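The structure under discussion appears below in the form of structure tokens.
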Amino acid sequence: MLPNGKVLVAGGVNYFGAIFPTSAELYDPVTGRWSPTLPLISGRRDHIAALLRNGKVLVAGGFNNSDTGPTTELYDPAIVVPTPAFLSPPAKLLTGSVQFTFRNTPGLSFSVLAATNLADALSDWTILGSAAEISPGRYQFTDVAADSPQRFYRVRSP
């Protein structure tokens, strides 16, 4: 738990157990919401995290993807702030699909939501799928069913 009351969750094991994610997220127990933060330098599992007196978190040990990554990392919540996603203008492809890109912190995952009315409550937006990270920090999403009425798009993590 960080001094601000949020909980840092970093690393772990993916569903198949072979890849150790570099993802890190903050959980706010007051709001019950998750938010992304900068990823670990080296994906790891079975590690420990210790809150230091200065408010930073020392992430140490465990196993990493290739045993070539650092054995320790220092997480500083004072300077680690995820950047907001700015979507490029959607482009209509020859297939009729709509595609857009955005930049954000590398290694995160994003769900793409759509609605036909921008004023709809977020709970009424439809989850279309996930954006693909096509290069570090550059994400892309293609809406293959965009031939319906005009859609508005949002991305969120996760």
Side-chain angles (χ1 to χ4, degrees), residues 2 4-45 47 49 57 59 62-66 68-70 73 75-158:
L2 301 174
N4 64 5
K6 293 182 180 180
V7 179
L8 172 66
V9 178
V13 179
N14 76 347
Y15 178 76
F16 300 104
I19 297 175
F20 309 146
T22 58
S23 59
E25 296 180 90
L26 296 172
Y27 176 71
D28 186 341
V30 173
T31 63
R33 294 186 149 197
W34 291 88
S35 61
T37 188
L38 292 177
L40 296 170
I41 296 168
S42 177
R44 61 181 70 236
R45 69 171 187 145
H47 52 283
V57 178
V59 179
F63 300 96
N64 64 23
N65 287 343
S66 62
T68 59
E73 297 182 46
Y75 173 85
D76 186 350
I79 62 169
V80 181
V81 177
T83 58
F86 294 101
L87 306 181
S88 69
K92 185 113 178 167
L93 305 178
L94 294 175
T95 61
S97 300
V98 171
Q99 186 176 77
F100 60 86
T101 61
F102 60 96
R103 292 193 172 275
N104 208 303
T105 305
L108 299 178
S109 61
F110 293 93
S111 297
V112 177
L113 296 87
T116 56
N117 183 349
L118 193 56
D120 283 351
L122 186 56
S123 59
D124 293 332
W125 286 56
T126 302
I127 298 173
L128 299 180
S130 298
E133 187 170 13
I134 56 176
S135 64
R138 187 165 175 244
Y139 299 84
Q140 178 177 290
F141 182 79
T142 303
D143 182 359
V144 296
D147 56 351
S148 61
Q150 178 179 355
R151 287 187 175 185
F152 297 95
Y153 297 96
R154 284 183 154 173
V155 296
R156 70 175 181 196
S157 180

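This structure is a prediction, so every number in the text was calculated from the model and none was measured. Residues take their numbers from the sequence shown, with the count starting at 1.
Atoms CZ and CG, on R154 and D120 in that order, are 9.5 Å from each other to the nearest 0.5 Å. Going from atom CG of D28 over to atom CH2 of W34 covers 11.0 Å, rounded to the nearest 0.5 Å. Put simply, CG on D143 and CG on L93 are 10.0 Å apart, with the number rounded to the nearest 0.5 Å. Between the CD atom of E25 and the NZ atom of K6 there is a distance of 12.5 Å, given to the nearest 0.5 Å. Between the CZ atom in F100 and the OH atom in Y153 there is a gap of 6.5 Å [rounded to 0.5 Å].
Ring centroids of F102 and F110 are separated by less than 6.0 Å, placing the two rings close together.
Taking 4.5 Å as the limit, some side-chain heavy atom of L26 sits within range of a side-chain heavy atom of L2. Side-chain contact between V144 and T95: absent, with no pair of heavy atoms (C-beta onward) separated by less than 4.5 Å. Residues L122 and L113 have side chains in contact (heavy-atom distance under 4.5 Å, counting atoms from C-beta outward).
The heavy-atom pair separating R151 from A114 by the smallest distance is CD-CB, 4.0 Å.
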| Do V155 and Y139 pass the side-chain contact (heavy atoms from CB on, under 4.5 Å) test, and can you show the C-alpha distance, the side-chain angles, and the key distance before you say yes or no? | CA-CA 11 Å; V155 296; Y139 299 84; over 6 Å; no
Which atom pairs, donor and acceptor, lie under 3.5 Å between side-chain atoms of residues 129-137 and protein residues at least two apart or in another chain?
{"unit_1": "E133", "atom_1": "OE1", "unit_2": "G107", "atom_2": "N", "d": "3.2"}
{"unit_1": "E133", "atom_1": "OE2", "unit_2": "G107", "atom_2": "N", "d": "3.2"}
{"unit_1": "E133", "atom_1": "OE2", "unit_2": "G137", "atom_2": "N", "d": "2.8"}

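Partners of L118 under the side chain to side chain contact (heavy atoms under 4.5 Å, CB included) rule, at least two apart in sequence or in another chain, are W125, F152.
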